[in-house]
Structure formats: C-alpha cells, structure tokens
Amino acid sequence: AAMLFGVPTEVKKFFAPVVKHTSRPIRRALPAMVLAFLLAPHYRRLKTIAGMVLGHRCHVSTISRRLVNPHWKTWNWYSVLYEQGLKETNDWERRVAQKKRRHWMIVVDGTHHGSVGECMENLVLMSRRKDPRRRSTRQHIFLLGMILTDRGGRIPLPRRSYYTKAYCQKHGKPYRTLNQLTAIMLDHVRIPEDVEVTVVFDSAFDAEGIHQVCRRRDFREVFPLDPNRNLASQEEVPAEALPGQKVVAWTRTWDCAEFELLDLQVKNEDHVYFRRRHVDNLRVNKTQRRYAVAARHATVSKLGACLILASYKENPRVPLLADQSADWEAYHIPLVSSRKSSKKVPSRWHGKVLACTDVTATARQVVEWYEVRWQIELLFRELKSRMQFGCYVLMSFEAVERYLDFLLMGLLLLEHQRLEHMKRAGPPSNRAGERWVQARVTDQMRHLDTLAQKWNLEHVEESLQTKAGRRRLLTELRQSPCRVA
C-alpha cells in the first residue's frame, strides 16, 4: 500500500471552489476521499478505502456514514467542479484556436451494474431465469455523457440516475425514463457561441424528446436508425409516415454501384483529437478500418430531412465459413423478417444504417462521427475496471450515487492535471501523437501516484530538519502505514 501523509497542494487547489463553501470536516475530508478512491489498491472495498483515508481498516463505518450522509452533496459539488473544468478547457482551447470555429462532440449512453442481491435499493429486474434454482439478474442503471473537444478534452457530464417507479414513490421523486433524462442532460449543457456540436448516441435513444432538444439548440445528431423507422410523405418534421416504407429495408435495395470503399487509419482520419489511444496503438496497422458506404437524402417520419448512410464494416479477424464470402456485396441483401430467434453467426462484414440530421455532411464525416461513440464505452470500462466502480455492495442507492460522484470527481482531477501539462508543453501537433494528448486513466493515475510520492518526500525532508519534526514524523509512521486525512 502507498504511504501518504496528506493531500498534495495541487489537489487541494483543484477542490478549493467547492470546499470553501462547506463545513470544516467536509473541507478536510473531501479531497482526501477522492484521492483515496483513486489510489486505493485493487479489489476495492470499504476496508481498503478506510485504510487510505483514515489510516486504519477499522474505520469502515466512517466511510459508510459519509456515503449515506445527506450533508455530502456530491452531485452539486461535482457540478461545480465540472463547470470549472469546462471553463478552463474552453479558455485554453479558444486561445489555441485563434478565433477559428471549433467543434465539440457529446456522447451519451447508459451503463448497468448487475447484482444478484434483492435487498439493495432501486434495482431493475432485467431477466427472469427459467431455471428456478438460479437467481434473476437485477441492475442499477446510470446515464452518463461526455464532452469531447477538438483539442483532446474529455469532460464527463454530471451523471443522471434512473429511478424505478417504486423507488420514486417511496422517496417522493418524479419518475423519468432514460430518454427523458437524456433530453434533460442535453438541455442543460453550456456550449460556447463559437462551437458547433455533434451529438452521438445509440439507437435506444432515438426518441422524439431528444430530437426536439437537439433541434432547438441546433445540435447535429448522428445515430443508428431503428429498423421500424418509416419514410415520410412530406419534408415537415410531423409529416405522416408512409406505411410499409421502412428506411433500413429501403437501403438494402440500393444498387451496389452507389457504394464506395472507405479506408481509415490514424494517418488519414480527420477526428483524431476525439479519440484516446495508447501510444503503442498509434500505428497504421493497429488503427486500420475498412467500410463500404453509400448515402442518400431522405425525409424520415418525425425526423424531417436527413442524410441516410448505409454502411458495412469489415472485421478481418472473423474466419469465413464454408458458405460465406469475403466481399461486402454478398451481405447487401434484402432483409428477411422472421419471428424465430436464430443464433447470431459472426460475419466478415457488419451492416449498419446511420442517420445524420445535417444534410450537408458527407458519408466519411458521418462514419467518423459515429466511430467516436466508442469513447463512452471506454469510459465505462475505465470506471468499472481501472477505477473499480463495479466493486460496490451498498444497500442505499444514495450511497451508490455518492460513490459514483467521487469517481467522476477523480476523473475531473485527472483531466485537470492533463490540461495543466498541455498548457506547459504548448499546443499539440496536428496528429495529436503526444503522450499527454492520448493519456488515458491508467497513465494519468500513474502521474497522480508520482505526484503523491513527490509530496511525501517533501514532507519527510521538511520534517527531518527539526527535532520536533522528526518526533512528529515518527509518531505518524507508528500510527499506520497509510494515512491521507
């Protein structure tokens, strides 16, 4: 375990806008709590976190009380830190852009955390097992979003929690669906005037409320079309649908001559700043993708005029079966409707139909914009794997929400350190190959650990200068191997 004698000065400065309005116990404990959630050893439990924060594993009850304490307004504190990080990123990138118009992307998706327990609050029953001897799967659902800037910024939006109807009735909360929460999230995002925005999401968020917010705020949308979407009879948004004219089925009737092959890799893609790749993966053979794409303008029911993109992406790792072809034309066939659920067979080319509400966009732009959606999946992976969000076993759902807020505060702290490093290093290159531009959570946490160890050395050196300091240092070492607060 790491030996920590306090909170580094840089971390205290980051939390200063929040803690200056709180009580003294919270002012002392909040930075240490976030730092402990970041630096706690693997297989994170309340015992290991208590050892990092309070110096001994026996103080688990203190961590539990903080997670359920209503005075710990973690969502409000995170919103303040989020606004601070957004302002710092915007100010620096505006100077780098030199009055040129900028482009930001917002990626939204939901994440689930499964549990077989039945006593935890706000659990959603996802599947009932046919075998009565096996327990059903229950999950917590969170809605997360992320702002990606054209200079490498990555700022998580304040999370939104999905509450079941029973939980809302018990706690007096209004019930909202995931699509309604997404519309609220997009409606509250502050965007500078010199920035154009592209919103990317999955087909599950193809809802009227989200489209209304994006139209009102002039956001461009890119998303996979639902197979049940119909073509419209007129160009107006509320125009009636044409019966039987499914958009996805219509794209399967397009002539193969309309399609063109599109090869993308790190050297020729236009949106390299929106991605985070490990330095070892910044090679052409690691980033090659191949598509067959075709685009047409169409009017979709309840969407209006859109650019419809039919695409097939190659997966060269899939071995071909005896009756399969390596050419994409073999997969461009009419859809066959079937009520029977057949087992999915991996195929060399995977088809997807995308819709873009900007009719002036090109097919290549739409493909690259939708590829950025994978960054939210990487965020989920970093939260659940590297930061171990999935390790919690908490009865109170408010405690779960505060736990997630602590981890998101830690992400903002890491992004703040990355931005400060980029300010010192100067504007990055056009291909964004610098280590700090591409740094992901693992790389940033290594830097944070180095910063904590550097602070430890300075503390030890200062304590060794005087007799009282040496006596105080020996007392701290005898108390516990780990101490942050």
For this session: Give a yes-or-no answer on whether the side chains of Lys267 and Thr287 include a donor-acceptor pair shorter than 3.5 Å.
Result: no
Exercise. Could Lys87 and Asp91 be called an ion pair, given the rule that one side-chain N must be under 4.0 Å from one carboxylate O?
Worked result: yes
Problem set entry | Audit row: Phe14, Leu412, side-chain contact (heavy atoms from CB on, under 4.5 Å) steps and yes/no | CA-CA 9 Å; Phe14 173 76; Leu412 284 182; 3.8 Å; yes
Problem set entry | Salt bridge Glu221-Arg215, side-chain N to carboxylate O under 4.0 Å | no
For this session: State whether Lys100 and Asp194 are salt-bridged, where the test is any N-O pair (Lys NZ or Arg NE/NH1/NH2 against Asp/Glu carboxylate O) under 4.0 Å.
Result: no
Exercise. Would you say the side-chain atoms of Glu121 pair up with the backbone N or O of Phe397, donor to acceptor, closer than 3.5 Å?
Worked result: yes
For this session: Using atom types as modelled and distance alone, determine if a side-chain donor or acceptor of Asp202 lies under 3.5 Å from a backbone N or O of Ala204.
Result: no
Exercise. Leu451 versus Gln417: any side-chain heavy-atom pair under 4.5 Å?
Worked result: yes
For this session: Please determine, by modelled atom types, if Glu371 and Tyr291 share a side-chain donor-acceptor pair under 3.5 angstrom.
Result: yes
Exercise. Side chain of Arg229, backbone of Val247: donor and acceptor closer than 3.5 Å?
Worked result: no
Exercise. With side chains defined as the heavy atoms from C-beta onward, is the minimum distance between Ile155 and Met146 less than 4.5 Å?
Worked result: no
Problem set entry | NZ/NE/NH1/NH2 to OD/OE distance under 4.0 Å, Arg289 and Glu314 | no
Problem set entry | From Ser161 atom OG to Leu404 atom CG, the distance as rounded to the nearest 0.5 Å | 7.0 Å
Seminar exercise, completed: The single option from Gln444, Glu10, Glu88 that satisfies side chain to side chain donor-acceptor pair (under 3.5 Å) with His416 is Glu88
Exercise. Quick check: does any side chain N or O of Arg418 sit under 3.5 Å from a backbone N or O of Gly152, one acting as donor and the other as acceptor?
Worked result: yes
For this session: Mind telling me whether Tyr163 and Tyr167 have parallel, tilted or perpendicular rings, with 30° and 60° as the class edges?
Result: parallel
Exercise. Is Val222 close to Thr198 at the side-chain level, that is, under 4.5 Å between some pair of heavy atoms?
Worked result: yes
Exercise. Any ion pair linking Glu193 and Arg101 (charged N to carboxylate O, less than 4.0 Å)?
Worked result: no
For this session: Indicate yes or no: at least one non-hydrogen side-chain atom of Leu383 is less than 4.5 angstrom from one of Leu144.
Result: yes
Problem set entry | Pair Arg440 + Glu382: basic N to acidic O under 4.0 Å | yes
Exercise. Where do His332 and Tyr312 land on the side-chain hydrogen bond (donor to acceptor under 3.5 Å, both in side chains) test, with the steps shown first?
Worked result: CA-CA 8 Å; His332 185 61; Tyr312 296 90; 2.8 Å; yes
Problem set entry | Exceeds 12 heavy-atom contacts within 6.0 angstrom, atom CZ of Arg216 | yes
Exercise. When the ring centroid of Tyr331 is compared with that of His350, is the distance short of 6.0 Å?
Worked result: no
Exercise. Under the side-chain contact (heavy atoms from CB on, under 4.5 Å) criterion, do Met409 and Leu81 qualify, and how do the steps go?
Worked result: CA-CA 7 Å; Met409 289 182 200; Leu81 295 175; 4.0 Å; yes
For this session: Might you point out which heavy atoms bring Thr357 and Phe219 nearest each other, and give the distance in Å?
Result: OG1-O, 4.1 Å
Exercise. Do the ring planes of His447 and His421 sit parallel (below 30°), tilted (30 to 60°) or perpendicular (above 60°)?
Worked result: perpendicular
Exercise. Counting N and O atoms only, with roles assigned by atom type, does the side chain of Arg160 sit under 3.5 Å from a partner on the main chain of Ile184, one being a donor and the other an acceptor?
Worked result: no
Exercise. Should the pair Trp254 and Phe259 be assigned to parallel (<30°), tilted (30 to 60°) or perpendicular (>60°) ring geometry?
Worked result: tilted
Exercise. Is the closest side-chain heavy-atom distance between Arg220 and Cys356 below 4.5 Å?
Worked result: yes
Exercise. More than 12 heavy atoms of other residues, nucleotides or ligands under 6.0 Å from CD of Gln169: is that the case?
Worked result: no
For this session: Check the pair Asn315 / Val318 against side-chain contact (heavy atoms from CB on, under 4.5 Å), numbers first and verdict last.
Result: CA-CA 6 Å; Asn315 187 355; Val318 175; 3.3 Å; yes
Exercise. Backbone N or O of Ile333 within a donor-acceptor pair of the Arg252 side chain at under 3.5 Å?
Worked result: yes
Exercise. Is the number of heavy atoms from other residues, nucleotides or ligands within 6.0 Å of CZ (Arg381) greater than 12?
Worked result: no
Exercise. Taking the side chain from Gln375 and the backbone from Val107, do they hold a donor-acceptor pair closer than 3.5 Å?
Worked result: no
Exercise. Without hydrogens or angle criteria, can the side chains of Asp358 and Thr360 be said to hold a donor-acceptor pair below 3.5 Å?
Worked result: yes
Exercise. Hey, does the side chain of Gln365 reach the backbone of Thr362 with a donor-acceptor pair shorter than 3.5 angstrom?
Worked result: yes
Seminar exercise, completed: Separation between CG (Asp263) and CG (Asn268), nearest 0.5 Å, reads 8.0 Å
Problem set entry | Geometric class of the Tyr403/Phe37 ring pair [parallel <30°, tilted 30-60°, perpendicular >60°] | tilted
For this session: Could you tell me if the ring centre of Phe142 sits under 6.0 Å from that of Phe389?
Result: yes
Problem set entry | Leu264 side chain reached by Arg290 side chain, heavy atoms, under 4.5 Å | no
Exercise. If we only count heavy atoms from C-beta on, is the His140 to Val124 side-chain gap below 4.5 Å?
Worked result: no
Seminar exercise, completed: In terms of heavy-atom contacts, Arg217 and Asp187 come closest through NH1-O, 3.3 Å
Problem set entry | Side-chain donor/acceptor of His297 to backbone N/O of Ile308, under 3.5 Å | no
Problem set entry | Output field: ring centroids Phe223/Tyr370 closer than 6.0 Å | no
Problem set entry | Salt bridge Asp443-Arg446, side-chain N to carboxylate O under 4.0 Å | yes
Problem set entry | Inter-residue atom distance Leu408.CG - Leu379.CG, 0.5 Å rounding | 7.5 Å
Problem set entry | Stepwise side-chain hydrogen bond (donor to acceptor under 3.5 Å, both in side chains) check, Tyr162 with Tyr175 | CA-CA 8 Å; Tyr162 173 79; Tyr175 174 76; 2.9 Å; yes
Problem set entry | Leu261 versus Trp349, closest heavy-atom pair with distance | CD2-CH2, 4.5 Å
Problem set entry | Min side-chain heavy-atom separation Met445-Leu414 under 4.5 Å | yes
